Structure formats: structure tokens, C-alpha cells
Participant: 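What follows is a single structure, and I will ask about it in a moment.
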Amino acid sequence: MAEISNKLELTVSTESVSKTNTDLLAFGCFAADKPLDISKYSSELNNKLFTAWQDKQFSGKDKESVTFDAPQEFAAKKIIFIGLGKEKEFEIDKLRSFAAKAIKAAKSFKYGSAAVIAQFSKINDTEAIYALLEGGFLAGYEFKGLHKPEKEETKKTFKNFTVVTDQKKDLSGLIKKANSVMSSVNLARDLVNLPANIVTPSYFEKTAKKLFGANKKVKLSVLGFAEAKKLGMGGFCAVAQGTEEPAKMIILEYYGGGKETYGLIGKGLTFDSGGISIKPSSGMMEMKTDMSGGATVLAAFSALVELGAKKNIIAVIPATENLPSGRAYKPGDVITMLNGTTVEINSTDAEGRMILADALTYAQRLGAKKIIDFATLTGACLIALGQVRTGLMTNAQGFADEFLAATKRSGEKFWQLPMDEEYLELLKSSVADTLNNSESRYAGTVSGGKFLEKFIEEGNKWLHCDIAGTAYLSKPQRYIDKHATGVAIRTLVEYFS
Ligand code: BES
Ligand code: ZN
Ligand code: ZN
């Protein structure tokens with residue numbers, strides 16, 4: 001298939017600012033009474049900036065910017081000055097936004113490249129350079145869509161993002177990390193943006209084989225429907241029995257060292273129609289994104305392996321469609337799960353937890369003791385947190401705190417929800433051990449979490465991340481364009497490194 005998103009090249013340049021080979025060159029400016037002195041690069045540009053400052057056209061405030069044609073001394077075509085806000089209020093995330101603004105400006109001129117300068121006191125250490133690279137690759141991603149070839153060719157694509165620095169340290173590790181994480185995030189974004197007739201469970205399997213088939217450090221196994229049935233994966237098979245599309249339980253094992261064995265579980269529901277409890281047709285199209293958790297896990301696992309993480313990680317991605325048919329599971333059915341728990345089906349649309357529960361059990365059987373799952377589990381999470389924060393639930397506060405510390409480094413936003421045992425009332429069934437979802441609409445996200453918690457074995461630590469609101473944006477947010485975000489991959493890399 002043709003490239004479905006642009007190939008972006010990341011570079012770090014220690015060349016002189018004026019010689020930087022790029023279309024658009026961006027300076028970051030803190031809000032101040034006086035402009036930055038850039039006379040060492042060009043007195044002409046220095047004067048222009050000074051005038052803009054005097055005219056109050058630009059004074060380094062957040063969201064402000066001013067653009068000039070580049071004077072002759074520069075290799076670039078345009079120079080943009082972008083406000084970083086008050087230096088006192090500086091935080092690393094502003095650099096991701098700074099890089100993104102430079103790219104947005106370059107794209108508005110239909111340029112293929114942009115560079116940002118990191119040569120000021122606050123923005124010169126390696127953490128800052130990495131944040132600029134992250135902002136660059138997040139904002140630089142373009143989903144081309146699936147058009148006739150001739151249409152594609154006329155589209156200008158963004159190709160190169162450079163960070164210019166006078167940093168003398170060896171940055172090769174940093175650049176390698178940025179490239180690995182970028183390709184993983186882009187892979188996840190592609191998988192989520194692509195439609196469900198392309199990204200089937202078999203496509204997931206093929207992608208996993210392409211990534212790890214020849215990698216001796218990774219053990220890849222895939223269970224089909226019959227094998228899953230034989231093992232007793234009643235939850236996974238109940239959902240999968242309604243579709244003609246072959247279901248796949250994808251298992252990846254990587255033993256990089258350390259005492260702990262981690263489990264990463266991702267909901268790989270490649271299309272969620274709701275099943276017999278069918279969804280209304282408006283907005284159903286978006287349910288091609290219901291495999292976002294699986295995409296996050298596959299992509300994060302790939303980055304971690306590539307970066308040689310010194311951790312033992314088992315990833316399990318249950319992948320299937322949820323469709324109504326003559327064979328589909330029905331409301332009222334009682335399903336026996338892999339761990340023996342019986343579940344009364346209240347809604348076939350609460351299918352994510354059915355496939356995840358068996359994946360959780362399976363990962364624990366393989367030895368996972370610290371487990372994180374990612375799932376577009378509940379629309380209620382969108383009601384509670386919108387598209388800004390991922391809902392986080394846990395049975396182990398210390399584990400959640402470690403993870404939340406990593407989100408501070410990645411800049412990804414999470415919000416912890418409660419897990420009081422009173423919420424279990426919502427899942428009481430009179431005919432089985434539990435309902436698959438509550439009859440009441442109260443606390444929909446938490447009851448999803450409480451359901452999954454029933455499948456965590458005594459002593460194991462677990463985090464549940466409901467990414468229903470954050471995996472796919474209807475409007476751009478910070479440095480990420482609308483549609484697939486590749487949520488949580490950067491946080492996982494920070495957590496494991
Ligand atoms: N895949 C959906 C959740 C979802 C909604 C993801 C919106 C992304 C955006 C999930 O399987 C589902 O259908 N959940 C139901 C609740 C369930 C308890 C019946 C819902 O959100 O209505
Ligand atoms: Zn559903
Ligand atoms: Zn779903």
C-alpha cells in the first residue's frame with residue numbers, strides 16, 4: 001500500500017544558525033520589555049524585531065508570533081519569532097508547543113521543512129532538545145488519507161524538522177530515542193486513522209509479524225478463535241463469535257531483565273458496532289478507533305524493544321470485531337471467562353471488558369505481575385474528562401504514582417478516578433458472578449474499571465487507562481492535530497526508561 005502518512009526526518013544541527021538549511025527558521029522569545037538581541041546573526045533582522053517590539057506587534061507573549069522574509073545572510077526563506085510567555089512561567093511543555101507552532105507556520109507557507117533554535121539559557125539542555133524533537137514529530141505527522149494516487153502527489157508534505165543547538169554533548173542517544181518513539185507513535189496513529197476494512201485483527205497480526213517476526217529477542221504468538229476457545233477464553237470468544245473476520249489474540253514477550261514482569265494489555269476491537277445491543281448509526285464510523293489501546297500497546301512495545309529496555313514485558317492484544325449476526329452473543333447470555341468467573345451480559349456493547357478480562361488472565365498466567373491496560377472502554381469517560389485527560393484507575397496507589405510521575409515527563413495528561421468497593425454494587429447479577437455492565441448509567445467509567453479489577457489476581461498490581469476520549473481527537477489539541485493521537489506511548493517509554 002502507498003505511504004499513508006508522511007515520512008518525517010528529525011535532525012539536530014550544530015551548524016551556525018544562519019547556515020541552517022531549512023525553509024522556515026523559528027526563534028523562541030520570552031516575554032520581556034526588550035527584544036532578544038540577534039544582531040550577531042543579522043542587524044537587519046535585529047532592527048525588524050526591535051520595531052515589531054516597539055510597535056507592540058510582538059512582545060514574546062504566549063500565542064504571539066511575527067514572521068519576516070529572511071535577510072540574505074540566512075539560508076532559510078522565512079524567519080518566525082514565537083512567544084514563549086514569561087520566563088518565570090516556563091515549563092518544558094511550552095517547547096513542544098513552540099516546535100509545533102513553527103511547523104504549523106511552515107505548513108501555512110506550504111514549506112517542507114522547519115527548524116527551531118535552542119540556543120538560549122533555559123532551552124538548551126538535553127531535556128529541552130528532546131521536548132523540541134517531540135513537539136516536532138507530533139505536529140509534523142500528516143495522515144494522507146486514502147486517495148487516488150494523482151491526488152496524493154499534488155499534496156505538499158512536510159518532510160524535515162531540525163533543532164539547532166550549540167550543545168556540545170553527544171546527542172546520538174537522544175536522537176535515536178526520538179526516532180524510535182516517533183516511528184512508534186506514527187505507527188499507532190496510522191493504525192487508528194486507517195479504516196476497519198483495512199485494520200482487521202489479521203492486519204494487526206501482520207503488523208506484529210512485520211515488526212517482530214525476525215527479532216530473536218521477541219517471542220510472538222497468535223491464538224486464533226479455535227485455540228482461544230479450547231483454552232477457555234469465553235469472554236474473547238463470545239465477542240468474536242459474531243463476526244466472519246478471524247479474531248486474533250496477539251501475544252508478545254520480551255525479557256530485557258530486572259526483577260519485575262510487566263504486562264501491557266490493549267483493547268484491539270477493530271470495529272465496535274455494539275453487536276446485538278447495536279449502537280445508533282450516527283458516529284458509529286468512529287468505532288474504527290476502538291482498537292486504539294491495541295495500537296498503543298503494539299507501538300509502545302516496539303519502541304521499548306528497539307530502545308533495548310531492561311525490563312521484562314509481556315504484551316497481549318485481543319483483536320476482534322463486535323458485530324451482530326445469527327451467531328452473535330446476546331444480552332442475557334452467561335459467559336464463563338478464562339479464569340472461571342461467570343458473566344451475565346447486560347449489553348453486548350460492553351465488549352471491551354469481555355476481551356480484556358481474558359487477556360488480563362492470560363498475561364498473568366504468563367507471569368505478568370505489574371499490569372497496565374489501555375482501552376477505549378467507555379463513552380462515559382468522554383463525559384467525565386472530555387478529550388483532555390485519560391481516566392486512570394488502579395488497585396495499587398504506589399504503581400499509579402510511579403506512572404503519574406512518568407506522565408509529568410511526557411506531558412501526557414491523566415486523571416485518577418476512584419475505585420471504592422461500593423461501586424461493585426453496580427455490577428451485581430442474580431444469575432452469574434457479575435454483570436458485564438451496570439444497568440444504571442452512574443459512574444460508567446469506574447464500573448468498567450471495577451469489572452476489570454475482578455480479573456486481577458491477588459497481589460498483582462494493575463493500572464487501567466480509559467483512553468476513549470484521548471485516543472482520537474475531533475479538534476486539534478496542544479501540539480497534536482485532530483484524529484489519532486498515539487496516546488500513552490511516550491509515557492510508557494518514559495515509565496520504562
Ligand atoms: N467502544 C465503546 C466506548 C467508546 C465510546 C470508545 C466512545 C470511544 C468513543 C465501548 O465498547 C462501549 O460501547 N461502551 C458503552 C458502555 C457500555 C457499558 C455499554 C458506551 O460507551 O456507551
Ligand atoms: Zn462497545
Ligand atoms: Zn468498544
Side-chain angles (χ1 to χ4, degrees), residues 192-193 196 199 201 235-236 238-240 242-243 247 265-296 317-324 328-333 335 343-359 373-391 393 417 423 426-427 429 434-452 454 464-475 482-485 487-488:
V192 175
N193 282 329
V199 182
F236 178 65
V239 178
T243 174
I265 318 296
K267 176 176 174 184
L269 215 292
T270 58
F271 187 74
D272 183 12
S273 70
I276 297 296
S277 314
I278 199 158
K279 289 179 181 295
S281 58
S282 78
M284 198 198 274
M285 185 167 100
E286 224 168 83
M287 285 302 120
K288 70 171 185 180
T289 69
D290 212 18
M291 33 54 70
S292 298
T296 284
I317 303 166
T320 179
E321 295 184 330
N322 183 25
L323 292 184
Y329 79 138
K330 303 169 290 294
D333 285 0
I335 308 295
V343 179
E344 184 183 16
I345 303 304
N346 180 40
S347 167
T348 63
D349 200 9
E351 82 300 336
R353 60 198 72 181
M354 297 299 290
I355 66 172
L356 286 168
D358 283 347
D373 77 68
F374 298 89
T376 46
L377 206 71
T378 65
C381 198
L382 266 153
I383 304 299
L385 304 174
Q387 296 186 323
V388 179
R389 285 182 186 261
T390 296
M393 284 143 271
L417 298 175
Y423 290 110
L426 296 165
L427 296 172
S429 162
T434 180
L435 282 172
N436 76 327
N437 90 300
S438 164
E439 306 217 29
S440 122
R441 291 171 60 223
Y442 293 165
T445 303
V446 174
S447 65
K450 291 307 279 185
F451 178 89
L452 293 176
K454 291 171 186 273
H464 162 52
C465 304
D466 194 329
I467 56 171
T470 49
Y472 193 78
L473 302 175
S474 46
K475 287 200 184 111
K482 67 175 178 186
H483 298 157
T485 60
V487 64

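Since this is a predicted model, take the numbers as computed values, not measurements. Each ligand, and each atom within it, is numbered from 1 in the order the structure gives.
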Participant: Rounded to the nearest 10°, what angle sits at the Zn ion (ligand 3) between OD2 of Asp290 and NZ of Lys267?
Facilitator: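 Vertex at the Zn ion (ligand 3): approximately 90°.
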Participant: Which heavy atom of Thr348 sits nearest to which heavy atom of Gly275, and what is that distance?
Facilitator: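 Thr348 and Gly275 have their closest heavy atoms at OG1-C, 3.6 Å.
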Participant: Quick test: of every protein heavy atom, which one is nearest to atom 20 (C) of ligand 1, and how far off is it to 0.1 Å?
Facilitator: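 Closest protein heavy atom to atom 20 (C) of ligand 1: Gly379 N, 3.9 Å.
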Participant: Could you walk me through whether Val343 and Arg353 pass the side chain to side chain contact (heavy atoms under 4.5 Å, CB included) test, one step at a time?
Facilitator: CA-CA 11 Å; Val343 179; Arg353 60 198 72 181; over 6 Å; no
Participant: Quick check: closest heavy atoms across Ala196 and Phe271, and the distance to 0.1 Å?
Facilitator: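 Shortest heavy-atom separation between Ala196 and Phe271 comes out as CB-CB, 3.8 Å.
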Participant: Tell me the protein heavy atom at minimum distance from atom 19 (C) of ligand 1, and give that distance in Å.
Facilitator: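 Sorting protein heavy atoms by distance from atom 19 (C) of ligand 1 puts Ser347 OG, 3.6 Å first.
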Participant: Which heavy atom of the protein is the closest neighbour of atom 2 (C) of ligand 1, given with residue, atom name and distance?
Facilitator: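 Scanning the protein heavy atoms, the shortest distance from atom 2 (C) of ligand 1 goes to Asp272 OD2, 3.5 Å.
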Participant: Is there any N or O on Arg353 that sits under 3.5 Å from an N or O of ligand 1?
Facilitator: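 Checking ligand 1 against Arg353, no N or O pair falls under 3.5 Å apart.
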Participant: Which bit of Lys267 gets closer than 4.0 Å to ligand 1, counting heavy atoms only: side chain, backbone, both or neither?
Facilitator: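 It is the side chain that gets close, since no backbone atom is under 4.0 Å.
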Participant: With respect to the Zn ion (ligand 2), what is the nearest N, O or S atom of Asp272?
Facilitator: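 The nearest such atom is OD2.
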Participant: Of the backbone atoms (N, CA, C, O) and the side-chain heavy atoms from C-beta on, which set of Glu286 has a member under 4.0 Å from an atom of ligand 1: side chain, backbone, both, or neither?
Facilitator: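 Glu286 to ligand 1: no contact under 4.0 Å from either part.
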Participant: Do any N/O/S atoms of Asp349 come under 2.8 Å of the Zn ion (ligand 2)?
Facilitator: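 Given the 2.8 Å cut-off, Asp349 counts as a ligand of the Zn ion (ligand 2).
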Participant: Under 3.5 Å, side chain of Lys288 to main-chain N/O of Asn193, donor-acceptor pair present?
Facilitator: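 Flag set: sc Lys288 to bb Asn193 pair under 3.5 Å.
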Participant: Walk me through it: do Lys267 and Ile467 pass the test side chain to side chain contact (heavy atoms under 4.5 Å, CB included)?
Facilitator: CA-CA 10 Å; Lys267 176 176 174 184; Ile467 56 171; over 6 Å; no
Participant: Which bit of Leu377 gets closer than 4.0 Å to ligand 1, counting heavy atoms only: side chain, backbone, both or neither?
Facilitator: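 The answer is the backbone of Leu377.
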Participant: Tell me: protein heavy atom nearest atom 17 (C) of ligand 1, and distance?
Facilitator: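 Going atom by atom, the protein heavy atom closest to atom 17 (C) of ligand 1 ends up being Ala350 CB, 3.8 Å.
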Participant: For Leu323 and Ser273, which heavy atoms make the closest approach, and how far apart are they?
Facilitator: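 Reported closest heavy-atom pair: CA-OG, 3.5 Å.
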Participant: Identify the closest protein heavy atom to atom 12 (C) of ligand 1: which residue and atom is it, and at what distance?
Facilitator: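 For atom 12 (C) of ligand 1, the nearest protein heavy atom comes out as Asp349 O, 3.3 Å.
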Participant: With sequence neighbours excluded, what pairs up with Ser429 under the side chain to side chain contact (heavy atoms under 4.5 Å, CB included) test?
Facilitator: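 Listed in chain order: Glu344, Val431, Ala432, Leu435.
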Participant: Heavy-atom distance to atom 9 (C) of ligand 1: which of Met287, Glu351, Met354, Lys279 wins?
Facilitator: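 Ranked by closest heavy atom to atom 9 (C) of ligand 1, first place is Met287.
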Participant: For ligand 1, which atoms have a heavy atom of Thr376 less than 4.0 angstrom away?
Facilitator: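 So the atoms of ligand 1 that pass are 1 (N), 2 (C), 3 (C), 6 (C).
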Participant: What I want to check is whether the side chains of Ser292 and Thr376 have a donor and an acceptor closer together than 3.5 Å.
Facilitator: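 No, no side-chain donor-acceptor contact under 3.5 Å.
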Participant: State the OG1-CZ distance between Thr378 and Phe451, to the nearest 0.5 angstrom.
Facilitator: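 The OG1 atom of Thr378 sits 14.0 Å away from the CZ atom of Phe451.
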Participant: Can you tell me which residue and heavy atom of the protein come closest to atom 18 (C) of ligand 1, and the distance to 0.1 Å?
Facilitator: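 So the nearest neighbour among protein heavy atoms is Asn437 ND2, 3.2 Å.
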Participant: Could you tell me which non-hydrogen atom of Asn436 sits nearest to which non-hydrogen atom of Asn346, and how far apart they are?
Facilitator: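 For Asn436 versus Asn346, the nearest heavy atoms are OD1-N, 2.8 Å.
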Participant: Restricting to N, O or S atoms of Glu351, which is nearest to the Zn ion (ligand 2)?
Facilitator: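 Going through the N, O and S atoms of Glu351 one by one, OE1 ends up nearest to the Zn ion (ligand 2).
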